[in-house]
Amino acid sequence: MEKTIRMHKPSASFEYELFDGDPDHLRTVVATPTQIVPWINPSELKFKHRIGRGTFGDVWLATHHQSSDDFDEHHEVAVKVLHPLKEDLGQKFVENVEGLFLRMRELQGVCWLHGISKINGQICIAMKIYEESIADQIARSKGGKLKLPDVMRYGIDLARGILQLHSLGLLLLNVKPSNCLLDEHDHLIIGDFGIPYLLLGIPLLNSDVALRLGSPSYMAPEQWEPEARGPLCLETDSWGFGCSILEMVTGIPPWSGKSLQEIYKSIVLKQERPSIPNGLPPAVENVISGCFEYDPRNRPLMDDILAAFESSQVSVQADEGWISPQRSSRSFQEKSPVVGYTTWYLSKDYLQVDDIVRSRKPLNAQKPQTTPLQKGTVVGTNSDRSGLILVKISGVHNPVKIQESTLERVTYGLSAGDWVRLKADNKCNHSRVGILHSVKRNGRAAVGFAGREILWMGDASKLEVAQPYYLGQFVRLKADVSSPRFSWPRKGRTGWATGRISRVLPNGCLMVSFPGRFVFRDNNSEFYLADPEQVELVTFGTCPGIVEKYQHVEDFHWAVRPLAVALGAFTALKLGMSVGRAVSCKLGKGSKSDENKIGGNTAWLPQPVANIIKEMHS
Ligand SMILES: Nc1ncnc2c1ncn2[C@@H]1O[C@H](COP(=O)(O)OP(=O)(O)OP(=O)(O)O)[C@@H](O)[C@H]1O
């Protein structure tokens, strides 16, 4: 490999390097300018042969030839030739890379970038060439897997490299062993700099869209359809990290032997996770397990991952594997005190004195677990590490001690997890209703919106609180929606069918099932997706008449209608009378909240129908 001595020449517009390296590759070695402009003249690149074929293009071995009156030099480089992009959009990609070029070169853990060029209309990215990748090392290792001390070392390098890319505002979105290159000191260097991220919004010509945002075996659920299931965020790379470590430890890529469709079904529809082998240090096992949480907010950040690997590294003895269970830290496996949140989620924000707080609601569920605190002010933080903080509540003389994780910070009236709506009426091609992912104390907010691949970032003053949606609620498309963002079944010829919310995705997109209908979809999924801006709640309270209320009962289970028919005219008559009585009674004395409860009181229904509804609730 090349040895490099750099000589700086202050007055020149570039630096000089002296190369003392492989004579086959560096035939004329004198002094070479370290290219400080990213653009490489196409005539300077001479292609030799293809090294590999990737999702976004092919990688070629090439020489980069530079000469002037003062120097003449050849470098061996790896050139990634991207699949063709639309002309104007390709230019956007080039400009993005050019803008980041010098900062990318400062990243120790990321492949050294020689420059960028365009040959026959295809973008060519010239990088330093490395001997081999982790994938190559796995392929030739004994037993097809790496030793645990090596996995720990590479894991630390990989986490550091990803953190460096994140610090430039880039997501890698393609963490996998073949993108983990090894330098001459056996350090892991990331062989990509977020190409999928820089390609976001740029359609590849003649390319399989399903493969656009990564490599299937290593892709997080939100990477498959980021506009529907996004947003792509820092924790998306945690999933790919977890997959890469599993492959290093077992020698087998996650979902091995499965087709593209089967992987999609496992990860996205069935919400399955890759299985984690035994023998990892507990803190590492714990953090890797967290990497496979379906909701990216529940996954660890790269800092958490790095900390777990660094703290466990010393206790992994060469060749022996994990040896010191006493040193393990299982603290993050403790159950979170609020339903739906992992401790990784809760550890992303810390309360400070003077923060306004309120009780944290369970994630995507309606019922608070305890009597909620509406508003308090933090007056003392968790200094004794008990997890308790002191909160001043108006009307209560002394501050009270409360478990920190059961509280959420309220900034400009908003808390992470709130449903929000964009106030401005400007046209945007994503939903205007979404879920707040974070709000900083300075008002900077991050929101996931359906129809948007990445987080929306902006000032909290542009947002207002929106109506929330919860699991179990019934919704249908608003009558005035003529072109739904996602396909939706109809009921009869004119109206939209009503379905039940089975899952709320991190961008506010609703996954809806139709228990009242037999619905078969092309992709075998029983779920439809809905843009929260395009739906309305359906409750007994919002159904205007008895017929509509009965129709809503049909939404609960497909058997309701045949049962009702089977019960015949007598039942229908009884049902009509009972509904009249029950409804008038309900409207007369029932509270609004009761009315809005799904199912409400089922006593007025014929017994078989009531049983079905009760079963649905249990
Ligand atoms: N700078 C480099 N030096 C040496 N080998 C490289 C370099 N960059 C990539 N490679 C190798 O070239 C092959 C193809 O790489 P490429 O990154 O295009 O494919 P991939 O990793 O399979 O897919 P993707 O396009 O999704 O990244 C891989 O085996 C990779 O290890």
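Keep in mind that this is a model prediction, so the values were computed, not measured. Order of listing sets the numbers, starting from 1, for every ligand and every atom in it.
A heavy-atom distance below 4.5 Å is found between the side chains of Pro506 and His437.
Not a single heavy atom of Glu131 sits under 4.0 Å from any atom of ligand 1. Put simply, no part of Glu132 is less than 4.0 Å from ligand 1, judged by heavy atoms. Judged by the shortest distance from any of its heavy atoms, Ser215 lies inside the 4.0 Å radius around the atoms of ligand 1.
Of all atoms in ligand 1, listed by their number and element, those nearer than 4.0 Å to a heavy atom of Phe56 are 25 (O), 26 (O). The ligand atoms of ligand 1 that sit less than 4.0 angstrom from a heavy atom of Ser133 are 31 (O). Atoms of ligand 1 lying under 4.0 Å from any heavy atom of Ser178, numbered from 1 in the order shown and given with element: 20 (P), 21 (O), 22 (O), 30 (C), 31 (O). Applying the 4.0 Å criterion to heavy atoms of Ala78 picks out, from ligand 1, the atoms 1 (N), 2 (C), 3 (N). With ligand atoms numbered from 1 in the order given, ligand 1 contributes 17 (O), 21 (O), 27 (O) to contacts under 4.0 Å with heavy atoms of Asn179. Listed by number with element, the atoms of ligand 1 under 4.0 angstrom from any heavy atom of Ile129 are 3 (N), 4 (C).
Annotation: His75 is in aromatic contact with His114 [ring centroid separation under 6.0 Å].
Looking at Lys118 and Glu98, no side-chain N of the basic residue comes within less than 4.0 Å of a carboxylate O on the acidic one, giving no salt bridge. Here Lys145 does not pair with Glu247 in a salt bridge; the nearest charged N to carboxylate O distance is not below 4.0 Å.
Contact annotation for Leu181 and ligand 1: only side-chain heavy atoms (C-beta onward) come within less than 4.0 Å of the ligand. Contacts of Asn174 with ligand 1, taken as heavy-atom pairs under 4.0 Å, involve the side chain alone.
Ring planes of Tyr341 and Tyr345: perpendicular class, angle over 60° (limits at 30 and 60°).
Annotation: the span from Ser141 atom OG to Lys147 atom NZ amounts to 9.5 Å, rounded to 0.5 Å. To the nearest 0.5 Å, atoms CG (Asp349) and OG (Ser438) are separated by 8.5 Å.
Remark: ligand 1 and Lys80 share an N or O pair separated by less than 3.5 Å (distance only, no angle test).
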Checklist entry - Do Phe241 and Phe309 pass the ring pair (Phe, Tyr, Trp, His ring centres under 6.0 Å) test, and can you show the C-alpha distance, the side-chain angles, and the key distance before you say yes or no? => result CA-CA 12 Å; Phe241 180 95; Phe309 272 72; 5.5 Å; yes
